[in-house]
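Shown next, in structure tokens, is the structure this report addresses.
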Amino acid sequence: MEKWYEKTGPENDVVLSTCIRLNRNLRDYPFSEKMSRSHQAAVTKCVLQASKDSCILDRFQLQYLPMEQLTKTEMVSLVELQLANPEFISVPEGRGVLLSGDESVSILLNGENHLQVQANEAGLDFEKAYRAADELDSLLEKNLTFAFDETLGYLTQNPMNLGTGLSASLSLHLPALQENGGAARISASLAPLGLSLRAGGGKGSEPKGAVYYLSNRVSLGLSESEAISNLQNIAMQIITQERAARDELVQELEVQDTICRSLGILKSARIMSYEEFQGLISNVRFGISAGLITEIGYEIVERLSFEMQPATLLVMSGKKLTVNERRSLRAQKIKEILKN
Amino acid sequence: MLCESCGVFPATTHVKTIINGELSEYCLCAQCAQKLGYGNLTTGLGLSVGSLLGGFFSHMERPEADVVRCKFCGSTFDDIARSGKVGCAECYHTFYNRLIPLIQQIHGNAKHRGKVPGGSQLSVNPQTQLSVMRSELRKAIDSENFEHAAELRDRIRALEGEGQNGKMV
């Protein structure tokens, strides 16, 4: 089945994807820190039964994966595919995920909150992502009693997430703003606005693939539509700045050369580390937006970006590989996908 | 332990992350956590949520015999203050007056706006909802977000219509 990230979406030159998460807890069970294994089992049972009764299993083609039945690599792959967070897989006991076939919709069970309903869309598409998450939430609500207070909104273990329980985020590709220092400046200026711009993946403030996450922090006192519209406004300003910075950067012959060489290396390398891949694919993405690369589109870049990640590559190959074997497989897969 | 990013200040925030296909953890000081986007409004002040909560309460006397426990999960306010984590939904009611100042400090505004679960919808005053939507409409017009404004206008009309027909309780 085609995955959600293999599609293109609005403002795809800068915005990789949109993610909406809704944090919910059941009124009649303690929050996660106070839960026993039997509480966890009961919450899982309630949610699975409610999913069945409200027909969402069929409607969204959801399948349940208990974390304890997955290997470490499979769990890490869930994080790479943006379906779980590192904190969630660090304690797999009693946890699970309901996942749709195209991976666009998922529900994490027994993480920091009893449920985290999530919807992903390609490009900048808050409307579509929110609609899916909201529909799932509203259907579940018919058969579950969520912890809610009229003043504080949806009740959560961490008071930071009270209110709508909404966490909205965008993955942004900001190679030019990273290069000219704009990303760090924007990041520092967003905190007072209740938003955050964080470098994606690994340690350090300058990610290899120039991927950043823009998300809301304040969830109480702002409605879902206000929080989303704030984020959308800031995103549009960042997009405009990134495009202007790219126009300037791409004038340099050296930059053009780096972009075109990057595609050449991806097409012909025999060994490819993930770190090298991240830098090259970021250059290629930039090249597509600048019109220097026309033979492939964003959907191929996205597919590669997701499927060439270390754990995901292993899971998809179904084999146990050494580091060198993995690098060689990555180079081979990249060539195959680029050829097609 | 020192911060793994700057190597200067003591690490206070532990962040789990995936590096090259492996789950790992790195430790940051409050400043770097903030800089890298892992901070929150409390690490921004150089405090953990726990110490912030503790701070609110430290000036008050707490005789052991009078310790109030949540009837549902058994948490005391001290438990919540130490961990920064609320035990259950009932804790919010049990410790409401003590939690509100913290919540206001974090969110600035302690009144929920937005979605309410189906069961509670009838208790929402339609006039409150209308006034919120009208102010949202003004903002949308001011910011020239006409598509959103048109959508709000239609929703306001629909709500006003329902009110007149006596459908909304």
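Since the model is a prediction, treat every value here as computed from it, not as a measurement. Below, each value reflects all heavy atoms present in this structure, side chains not excepted, and no hydrogens, waters or symmetry copies.
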Can you tell which part of S138(A) gets under 4.5 Å to a heavy atom of chain B, answering side chain, backbone, both or neither?
both
Heavy-atom closest contact (Y154(A) atom, V116(B) atom, distance):
OH-C, 3.7 Å
To the nearest 0.5 Å, what is the distance between OG1 on T164(A) and CZ on R113(B)?
11.5 Å
K115(B) NZ to F146(A) CZ distance, which is reported to the nearest 0.5 Å
8.0 Å
Pick from D79(B), I100(B), L23(B): which one has the most heavy-atom pairs with chain A under 4.5 Å?
L23(B)
Mind checking the OH-CG spacing from Y96(B) to D149(A)? Nearest 0.5 Å is all I need.
5.5 Å
Does the side chain of V218(A) come within less than 4.5 Å of H107(B)'s, by heavy atoms?
yes
Spacing of CD1 belonging to I103(B) relative to CE belonging to M160(A), to within rounding of 0.5 Å
12.0 Å
Looking at S77(A), P86(A), P310(A), which hits side chain to side chain contact (heavy atoms under 4.5 Å, CB included) with I18(B)?
P86(A)
Over 12 non-hydrogen atoms of neighbours within 6.0 angstrom of CD in E275(A)
no
How far apart are the closest heavy atoms of G84(B) and P159(A), and which atoms are they?
O-CD, 3.6 Å
Among G87(B), G114(B), C73(B), which has the most heavy-atom pairs under 4.5 Å with chain A?
G87(B)
Within the structure provided, determine whether S32(A) and K85(B) are in side-chain contact (heavy-atom separation under 4.5 Å).
no
Do any N or O atoms from the side chain of Y92(B) and from the backbone of T156(A) form a donor-acceptor pair under 3.5 angstrom?
yes
Please tell me if the side chains of V86(B) and E33(A) come closer than 4.5 Å, counting only heavy atoms from C-beta onward.
no
Measure the spacing between NE2 of H112(B) and CG of L222(A) and express it to the nearest 0.5 Å.
11.0 Å
Contact part of Q157(A) toward chain B, heavy-atom cut-off under 4.5 Å: side chain, backbone, both or neither?
both
Part of S143(B) lying under 4.5 Å from any heavy atom of chain A
neither
Non-hydrogen atoms of chain B under 4.5 Å away: do they reach the side chain of D134(A), the backbone, both or neither?
both
In terms of heavy-atom pairs under 4.5 Å with chain B, which of S215(A), A227(A), S229(A), S225(A) leads?
S225(A)
If you count heavy-atom pairs under 4.5 Å with chain B, which of V323(A), L190(A), V76(A), T312(A) comes out on top?
V76(A)
Is D28(A) in contact with chain B via its backbone, its side chain, both, or neither, using a 4.5 Å heavy-atom distance?
backbone
Taking side chain as C-beta onward, heavy atoms only, is I89(A) less than 4.5 Å from K16(B)?
no
Once rounded to the nearest 0.5 Å, what's the spacing between atom CZ of F72(B) and atom NZ of K34(A)?
12.0 Å
Does the side chain of Q232(A) reach to within under 4.5 Å of the side chain of N145(B), using non-hydrogen atoms?
no
For E135(A), does the CD atom sit with more than 12 other heavy atoms under 6.0 Å from it, leaving out its own atoms?
yes
